[in-house]
Protein chains: 2
Amino acid sequence: MATIYEVSKLAGVSLATVSRVINNNTPVREATRIKVLEAMDKLGYHPNSVAQSLASSRSNSIGIVVSELNGPFFGTLLSDIETAFRKAGKHVIIAAGHSDEKLEKESISFLQSRNCDALILHVEAVSDDYLTELADKDVPFVLLNRFVPSLYQRCITLNNQHGGYLATQHLLQLGHTNIGYISGPMWKHDAEQRYNGHLRALAEFAINSSQSVFYEGDYHEKGGADGMTQLLNTDPQITAVVCANDEMAAGAMTAARELGRSLPEQLSVVGFDNVNFSHYMCPKLTTVDYPIGGMGQMASRWVLKNVYQQKLGDIQNVFEPRLIQRDSAAAAK
Amino acid sequence: MATIYEVSKLAGVSLATVSRVINNNTPVREATRIKVLEAMDKLGYHPNSVAQSLASSRSNSIGIVVSELNGPFFGTLLSDIETAFRKAGKHVIIAAGHSDEKLEKESISFLQSRNCDALILHVEAVSDDYLTELADKDVPFVLLNRFVPSLYQRCITLNNQHGGYLATQHLLQLGHTNIGYISGPMWKHDAEQRYNGHLRALAEFAINSSQSVFYEGDYHEKGGADGMTQLLNTDPQITAVVCANDEMAAGAMTAARELGRSLPEQLSVVGFDNVNFSHYMCPKLTTVDYPIGGMGQMASRWVLKNVYQQKLGDIQNVFEPRLIQRDSAAAAK
DNA sequence: CTGTTAGCGCATTCAT
DNA sequence: ATGAATGCGCTAACAG
């Protein structure tokens, strides 16, 4: 691999000048710039990004921690983040936190030791205190889907409460009054908030929430299936169920069908997230859209703006969910 | 951030000794090792990986090029690759090639400029010649789902031909004789091979392949839907359709239903890939399993073994697909 | 087993 | 506008 030194020799200029045309940050006479560019070209020169990093104390890399790499959700997120940074010549290093406190911390320190210029964190298990302390260290970071009061400027969140509200409101408007709820693990903030939204909708329609059956699931297919089974056993009169995410909705729908319910005639189901396979399900899932891609782009913008000083538009900290009506929720009889 | 120099001062040893206990590659007296470790601890020292890379000309990073970051397929792949390397203290840099020659080349050179120690490539658009030339350069790489004769030791492939065979054989054994085929873009090797397997099965059962209707799709849902529509128009007698991937199967099934066919009673469908949502579909999709996770692990092993000299088991270059029987394929009347 | 020394490839003052 | 000099933090001979 050719070095900047060889380029400078071939171009007959100093090493510093070559650096200048590379970084394009100091005036260089057009004639010499061309000489340098030609030399670089002739040698097939590519700057060594590692050396650049060491000299500039900038790695041009952004670390991302997500819960899981597989799953429909993070694919969309990563895709949009990668596109945004790639355009800016930065690269993305990924690590999985698996919703586990120890693994999340390990991921973060792993990324720190990699000298990332910034971190984008979708973490669930570490505490607010831990994050607040982390903010005092030197690595800048943004939080995705997590609200920490003291760090509010760097939180990009979804209005989960309103999402939960929308799902239940939709069923209520369809005339359902006996609505079950399958939540995510309640220690997760989003699960709690989505459920709160559900309760608010119920209250607004003057439905006594104790009438409503609740099951705490795991955000996975199995939890949805178990939840539906239990809900239907507890109260066979249920005509609709809200699931706190699409995966559970998938499991719930399968279970309901196995228990002899026809969908959506006898039982309506609403999901949450609008993952890419939600319209493959049948009936096609009515769900609440989680604009994860847009949120990833916003997180990227935060980094580009605050860490790399690019002049970009304002940061939108909270995103609004939106109901996607498909075929799994029908009017109550 | 503390440096190795500060550690050496605090521990009262030389800078080289500190480096030795970090890298743990040269004998160091236990007593001094402890002194050093304590000093590192007291200073909260973490080696600067950028400086390590520059000095050792090793970045401990592996570049990955996949077609898309979203989609069910690559999530599984990336997840397994990340896990494997993370365990080894390496990190993964990802880039999307979007099945486009220009973008794939850009991704590769981007990763090269990042001084990756090795590349794992799932590329479709670049030519064999390009890859052969790349092999003469200094970056080692493995190829996923791509066979280049001159590079056979570094190709991790699926026996796509056999997969196509399995899908069609299954339908044939169920008594179907009028089988349509919706392929992927035929310029992609896997699409071509899967189709060849289909033809082989047909031949084996003495079915004249001209009887069989063919549609060239795009590996996406839309292509599947269009394909099914056209197939059913061309030959309404078709009782079964093989789709070259699950996404197209999803589109095809929707289209078939819209055309009034009941599944699987009037029409059987078999997919390919066994992506994570294939069992959410209804009827649950009968498909051919593509062990992408295992192949990713194998690619990781190749890198760990050939680039980082870890002693590991043998490399398995070709993986076998396997039929997953679910509910979308039924016996012919 | 440990210390000394010399770069790795580049960005960045400070001069000119 | 350009060149010379210095150092980023660490690894890797080479001595001892």
Side-chain angles (χ1 to χ4, degrees), chain A residues 1-37 39-40 43-61 89-90 112-117 138-139 308-309, chain B residues 1-37 39-40 43-61 89-90 112-117 138-139 308-309:
Chain A
M1 207 58 181
T3 74
I4 200 175
Y5 177 69
E6 305 174 41
V7 175
S8 75
K9 252 190 351 197
L10 204 161
V13 299
S14 87
L15 187 153
T17 301
V18 178
S19 175
R20 284 176 187 120
V21 352
I22 292 173
N23 293 293
N24 189 31
N25 50 7
T26 310
V28 174
R29 200 196 310 158
E30 196 52 26
T32 66
R33 150 178 275 104
I34 292 176
K35 270 197 307 190
V36 172
L37 288 174
M40 295 191 346
L43 292 168
Y45 170 81
H46 276 288
N48 178 323
S49 68
V50 173
Q52 286 181 316
S53 296
L54 185 61
S56 64
S57 62
R58 273 263 173 100
S59 65
N60 287 314
S61 67
K90 319 292 179 196
Q112 275 188 280
S113 78
R114 246 59 198 175
N115 295 81
C116 291
D117 294 336
D138 31 25
V139 227
Y308 297 112
Q309 277 75 44
Chain B
M1 208 56 178
T3 74
I4 201 175
Y5 176 70
E6 304 174 39
V7 175
S8 74
K9 250 190 353 194
L10 204 162
V13 299
S14 86
L15 190 153
T17 302
V18 178
S19 173
R20 284 175 187 121
V21 353
I22 292 173
N23 292 293
N24 189 29
N25 50 7
T26 311
V28 174
R29 200 197 308 159
E30 196 54 24
T32 65
R33 151 178 271 104
I34 291 176
K35 272 196 305 189
V36 172
L37 288 174
M40 293 190 351
L43 293 169
Y45 170 80
H46 276 288
N48 179 322
S49 66
V50 174
Q52 286 180 316
S53 297
L54 185 59
S56 64
S57 61
R58 272 256 175 107
S59 64
N60 286 315
S61 67
K90 318 292 179 197
Q112 275 187 282
S113 79
R114 246 60 200 175
N115 295 82
C116 292
D117 294 335
D138 32 24
V139 226
Y308 296 113
Q309 276 75 45

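Residue numbering restarts at 1 for every chain, and letters A, B, ... go by the order of the sequence lines.
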Trace of the side chain to side chain contact (heavy atoms under 4.5 Å, CB included) decision for A:S61 with A:D117: CA-CA 6 Å; A:S61 67; A:D117 294 336; 5.6 Å; no

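Which of C:dT2, D:dA12, C:dT13 sits closest to the side chain of B:A16 comes down to D:dA12. Of the candidate nucleotides D:dC14, C:dC8, C:dT12, D:dC14 has the atom lying nearest to any side-chain atom of B:R20. Between D:dA5, C:dG9, D:dA12, one nucleotide has an atom nearer to the side chain of A:L15 than all others, and that is D:dA5. Of the listed nucleotides (C:dA11, D:dT2, C:dT2), C:dT2 has the atom at the smallest distance from the side chain of B:R29.
Put simply, CD1 on A:I34 is 15 Å from P on D:dA1, counting in whole angstrom units. Rounding to whole angstrom units, CG of residue A:N25 and C1' of C:dC10 are separated by 13 Å. Look at CE on B:M40: it is 14 Å from C1' on D:dG9, rounded to the nearest Å. Atom CG of A:L43 is separated from atom P of C:dG9 by 14 Å (rounded to the nearest Å). Rounded to a whole Å, the CG atom of A:N48 is 13 Å from the C1' atom of D:dC8. Atom CG in A:L54 sits about 17 Å away from atom P in C:dG7, given to the nearest Å. Straight-line distance from the NE2 atom of A:H46 to the P atom of C:dG9: 16 Å, rounded to whole Å. To the nearest angstrom, C1' of D:dT11 lies 15 Å from CG of B:N24.
The phosphate of C:dT2 (OP1 or OP2) has no side-chain N or O of B:S14 nearer than 4.0 angstrom. In this structure, A:Y5 does not reach the C:dA11 phosphate: none of its side-chain N or O atoms is under 4.0 Å from OP1 or OP2. Between C:dG3 and B:T17, a contact under 4.0 Å exists linking OP1 or OP2 to a side-chain N or O. In this model, the phosphate group of D:dT11 is approached by a side-chain N or O of B:N23 to a distance below 4.0 Å at OP1 or OP2. An OP1 or OP2 oxygen of D:dT11 is reached within less than 4.0 angstrom by a side-chain nitrogen or oxygen of B:S19.
Nearer to the 5' terminus of DNA chain C, by closest-nucleotide assignment, is the contact made by B:S56 (compared with the other of A:Q52 and B:S56). If A:R33 and A:A51 are placed on DNA chain D by their nearest nucleotide, the residue sitting closer to the 5' end is A:R33.
Counted by atom type alone, A:R58 and A:N115 present zero donor-acceptor pairs between their side chains at under 3.5 Å.
Counting any heavy atom pair closer than 4.0 Å across all strands shown, A:T32 reaches sugar-phosphate atoms only and no base atom. Among the atoms of the strands shown, none is found under 4.0 Å from any heavy atom of A:V50. Within the nucleic acid shown, B:T3 comes within 4.0 Å of sugar-phosphate atoms alone, with no base atom in reach, counting heavy atoms only. At a threshold of 4.0 angstrom between heavy atoms, the contacts of B:V13 are confined to the sugar-phosphate backbone, with no base atom among them.
Remark: the backbone N or O of B:N25 is not paired with any side-chain donor or acceptor of B:N23 at under 3.5 angstrom. A donor-acceptor pair under 3.5 Å is absent between the side-chain atoms of B:T17 and the main chain of B:V13, judged by distance alone. Side chain of B:S49 to backbone of A:S113: a donor-acceptor contact under 3.5 angstrom is found.
Nearest heavy-atom pair across B:M40 and B:I22 is SD-CG1, 4.2 Å.
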